[in-house]
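Every chain is numbered from 1 and lettered A, B, ... according to where its sequence line falls, protein lines coming before strand lines.
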Amino acid sequence: MDLHHDAVIYMDNNATTRIAPEVLEAMMPYLADYYGNPSSMHTFGGQVGQAIARARGQVASLLGAEPEEITFTSCGTESDSTAILSALQTFPEKRHVVTTRVEHPAIKNLCENLDRLTGHKHRVTRLKVAADGTLDLDEYAEALTEDTAIVSVMWANNETGVIFPIEKMARMARERGILFHTDAVQAVGKVPINLKELDIDFLSLSGHKLHAPKGVGVLYVRRGTMFVPFLTGGHQEKGRRGGTENVASIVALGRACDLAAEKMADENTRVKAMRDRLEEGLLAAVPKSMLNGHKTDRLPNTSNISFEFVEGEAILLHMNRYNICASSGSACTSGSLEPSHVLRAMGVPFTAAHGSIRFSLSTYNTEAEVDLVLEKMPGIIESLRQMSPFWKGN
Amino acid sequence: MWEYTDLVKEHFLNPRNVGEVENASGTGDVGSLACGDALKLTIKVDENGVITDAKFKTFGCASAIASSSALTEMVKGMTLDEAAKITNEDIADFLGGLPKEKMHCSVMGREALEAAIADYRGMALPMAEGEIVCECFGVTDLDIIRAINESNLRSVEEITNFTKAGGGCGKCEDRLREILQQTVSGSTLEWIKPMEKPKKMTTLQKIKKIEEVLEREIRPGLRKDGGDIELLDVDGDFVSVSLRGACKSCSKSQTTIKEYVEKKLRELVLDTLIVEEN
């Protein structure tokens, strides 16, 4: 390992986040000295159960939920699968699922494989998005039928940061007696969430997006909701999720939730201001650049900008020379051969989709870092444009 | 994410021959913004048929840019005939290798070179006659067959890595498998299919398939000799047929049934079928 955190300008927080120093400190004893199994009879193991209970309370507090509504999982993806498959098994005669075209692969690929996973044929409605990434509530209302087992709509989009009207959509589902799940992985810690006042039945959360370690997540299940476990095994998590608890990471997640509540204001003021300055600066300095996604209905830390006529991987590798870390929606960086399905669903033209860069900031970024990115980006784009057969100059 | 060789990194960060040759002797323009890869190659050819200059403009990733840079370095000083022999493997080798998912970038380089040479010679490209198989990326059957043969491809995944075909909506996957089998028939193939349970044929499916094979493969031969065959029934693996016309009274009918019909049905429908005459 050559490149250390101290040496990089990390603007890829929607991909993963640094474990906060306080969080790391909170979890270390459970890696080093308190390694007992919480299900054990002896004090050495049993005492750890208290730490888990405390963490559960901390998570519940951030979400405005009750501790017994919180189930710890290994990640957001597991929480997503658990929620959807539970709903389908709870209402096996209902074969319709409503979701959107811009979901994270954890939901998107799950919905493309429901038939294989459940053994029954399903129908999936994928709501369209407008050019600015927003949903049409009329289209949503029409999509809800008596055959709908569950609705799954992400709270905030990971690529553009666009925030969906979850409160309203959950209420509309509740009015029709349909279960509502939201993948809130990107939203938790960035926007306030009070589940007590919402009609949400299932919510997914991911530790490593919240300055906690990778390998831990949460599924919120509203009290009274019928539930079928995904990971069947031991009686951990009150029989809802088998497998010995990832104690240290759960403790870490609890601490991270407390921290998130403390930093929420900062995220929505100082971090937002840095994001705005970075974004406005780039759009002004680089010709033929545009913002992808709604300007105000979005997360405070995310900026997805397209630079026309140049390609994302090439841009990122040039940024990498200056140790600037970000992501792209281009085909070459997607792992498949197609550009981001989110940008395509928004109708972003090909001239721009391949050249999109996502900056996602955190409370750890500084003004000096924003300055450096503003300094380097125009030159990077210009040098790639000089090489591009599509760039005819200003 | 990608493990790039030092040479690829070098040619990406310091590409050679960027630009456009003035009064180019030949131009090769391949790819598109939609694809996410595009290369415009311009060459200068002297009176002896030697490429004296080559420049490129590329829209694409590090592999695409490095492949273009490498290509221009390789062809400068070559005769057109020498250059025409360059394969995409040569380009990848020049760079010390490319990740397998990026091999199509080297293929794009070779395509641009071919287009430039053809342009210089005033000829149409042979590939232009193929039939489009992959609509997402505009890949023809000829492109695919060529890649299979030139790079010894043995799976659909490899076809995608080298041509991009099948990397989009995936609808052409079955056709790719077909082309692969036709092109490489006789060799051992790697069938990489996602978790699929072995399919059991229903009786209805068997009947349909058997009728198809009888009509396509067997009847024409029998009819030429004044005979015919009719499918009477299918029960499990037992296929009941009736020979007609000249076949009915023919002394060789048992041989025909067993050797010819049963063999064909076992090959093309289900290898456990047993054919009986009634």
Side-chain angles (χ1 to χ4, degrees), chain A residues 12 15 109 112-113 115-117 119 288 306-322 325-341 343-344 348-356 379-393, chain B residues 1-2 4 8-9 12-20 27-42 55-66 68-69 99 101-102 104-105 112 134 136-137 139 157 160-170 194-197:
Chain A
D12 203 15
N109 286 350
E112 283 167 16
N113 282 281
D115 296 2
R116 173 175 65 79
L117 290 165
K288 294 286 189 199
S306 277
F307 302 100
E308 291 193 88
F309 310 120
V310 291
E311 190 276 329
E313 178 190 303
I315 302 173
L316 290 177
L317 288 177
H318 274 293
M319 289 163 69
N320 190 52
R321 274 165 56 217
Y322 302 109
C325 306
S327 293
S328 167
S330 80
C332 300
T333 56
S334 70
S336 77
L337 285 170
E338 293 196 301
S340 143
H341 65 285
L343 297 181
R344 279 189 303 129
V348 173
F350 284 116
T351 51
H354 290 294
S356 67
I380 291 173
I381 303 298
E382 182 54 32
S383 71
L384 285 170
R385 280 179 171 165
Q386 289 301 319
M387 231 187 285
S388 169
F390 301 114
W391 179 247
K392 306 298 175 200
Chain B
M1 189 175 157
W2 310 113
Y4 281 140
V8 170
K9 288 182 200 165
F12 166 62
L13 292 172
N14 300 302
R16 299 26 172 172
N17 310 308
V18 175
E20 288 186 45
T27 301
D29 224 329
V30 294
S32 69
L33 273 170
C35 280
D37 291 301
L39 165 54
K40 183 172 184 180
L41 178 70
T42 46
K55 287 200 193 298
F56 80 89
K57 284 221 166 167
T58 292
F59 164 80
C61 62
S63 298
I65 291 172
S68 309
S69 170
E101 297 90 338
K102 295 289 192 176
H104 60 86
C105 293
C134 169
C136 294
F137 295 109
V139 189
E157 190 190 335
T160 307
N161 287 338
F162 279 71
T163 68
K164 297 217 261 191
C169 67
M195 293 187 265
E196 245 194 283
K197 280 201 280 220

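Proximity of B:W2 to A:E313: side-chain heavy atoms (C-beta onward) are separated by under 4.5 Å at one or more points. A heavy-atom distance below 4.5 Å is found between the side chains of A:E112 and A:N109. A 4.5 Å side-chain heavy-atom check between A:L384 and A:F307 finds every atom pair outside the cut-off.
Contacts of B:S68 with chain A are absent, with no heavy-atom separation under 4.5 Å from either backbone or side chain. Residue B:K9 does not touch chain A at all, counting heavy-atom pairs closer than 4.5 Å. Only the backbone of B:C35 comes within less than 4.5 Å of a heavy atom of chain A; no side-chain atom from C-beta onward does. For A:R385, no part sits under 4.5 Å from any heavy atom of chain B, backbone or side chain. Contacts between A:S330 and chain B at a heavy-atom distance below 4.5 Å are absent for every atom of the residue.
Classification of the B:F59-A:H354 ring pair by plane angle, with boundaries at 30° and 60°, yields perpendicular.
At a cut-off of 3.5 Å, with distance as the only test, no side-chain donor of A:H341 or A:R344 sits close to an acceptor on the other residue.
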